[in-house]
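First comes the structure, then the notes that go with it.
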Amino acid sequence: MIKAEDVYDVLRKIPEGKVTTYGDIAKALGHPKASRAVGRILHANPNPIIVPCHRVVMSDGKLGGYADGVEKKVRLLKKEGLDFKNNKVENFEKKKVVLKKN
DNA sequence: GCCATGGCTAGTA
DNA sequence: GCCATGGCTAGTA
């Protein structure tokens, strides 16, 4: 079972202007198939201020969801210097962080 | 039984 | 576009 606290811990390491994916978080925590579960956990994020869940997107660079509305997610990411081409993060490969497995 | 995913396959152009 | 996957919640018995 994947713990919400662990997901939030990983999230706090993502710097401004960078992103990661649901699947990468799942892998980093040793649950390669739990990507969807990660999404559910983020949906329940109790504290968007300290846990930047807007920096998590889909494996193909598409936006994914946001509890507070996708528009807001876009706004936050743009403010951090990211851009969107056709519903995808521009230069996705360069914007992804590499996550360590603990 | 839902869903903030992802990987794989069919099959179109 | 289909479906396995994992975590959660509603709501029946």
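Since this is a predicted model, take the numbers as computed values, not measurements. Letters go in sequence order (proteins before strands), and every chain restarts at 1. Note: hydrogens, waters and symmetry copies are ignored here, and every other heavy atom, side chains too, is used.
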Got a list of protein N/O to nucleotides 5-12 of chain B N/O distances below 3.5 Å?
{"unit_1": "B/dT5", "atom_1": "O4", "unit_2": "A/Arg36", "atom_2": "NH1", "d": "2.8"}
{"unit_1": "B/dG6", "atom_1": "OP1", "unit_2": "A/Gly23", "atom_2": "N", "d": "2.7"}
{"unit_1": "B/dG6", "atom_1": "OP2", "unit_2": "A/Ser59", "atom_2": "N", "d": "2.7"}

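- Between A/Cys53 and A/Leu42 the shortest heavy-atom distance is CB-CD2, 4.1 Å.
- Regarding A/Lys33, its NZ atom lies at a distance of 13 Å from the C1' atom of C/dC3, rounded to whole Å.
- With A/Arg55 as the fixed residue, the side chain to side chain contact (heavy atoms under 4.5 Å, CB included) test singles out one of A/Glu16, A/Lys95, A/Lys18: A/Glu16.
- Note on A/Ala67: a base of the nucleic acid sits closer than 4.0 angstrom, heavy atoms only.
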Problem - Working for side chain to side chain contact (heavy atoms under 4.5 Å, CB included), residues A/Val38 and A/Leu29 - result: CA-CA 10 Å; A/Val38 169; A/Leu29 296 176; 5.7 Å; no
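- The CG atom of A/Asp68 sits 13 Å away from the C1' atom of B/dA4 (whole-angstrom rounding).
- Hydrophobic clustering (ILVMFWY, side-chain heavy atoms < 4.5 Å, transitive): A/Ile41 and A/Val10 are in one cluster.
- Here A/Leu63 lies out of heavy-atom contact (under 4.0 Å) with every strand.
- One hydrophobic cluster holds both A/Tyr22 and A/Ile25 under the rule that ILVMFWY side chains link at heavy-atom gaps under 4.5 Å.
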Fill in the blank from the handout: Encoded 5' to 3' (Watson-Crick or G-U under 3.5 Å; [ ] crossing; | other strand), DNA chain C becomes ||||.|||.....
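- Applying the salt bridge (charged side-chain N to carboxylate O under 4.0 Å, His left out) test to residues at least two apart or on different chains, none of the pairs has a partner in residues 28-38 of chain A.
- Between A/Leu77 atom CG and B/dA4 atom C1' there is a gap of 13 Å when expressed in whole angstrom units.
- Residue A/Arg40 contributes atom CZ, which lies 19 Å from atom P of C/dA4 at whole-angstrom precision.
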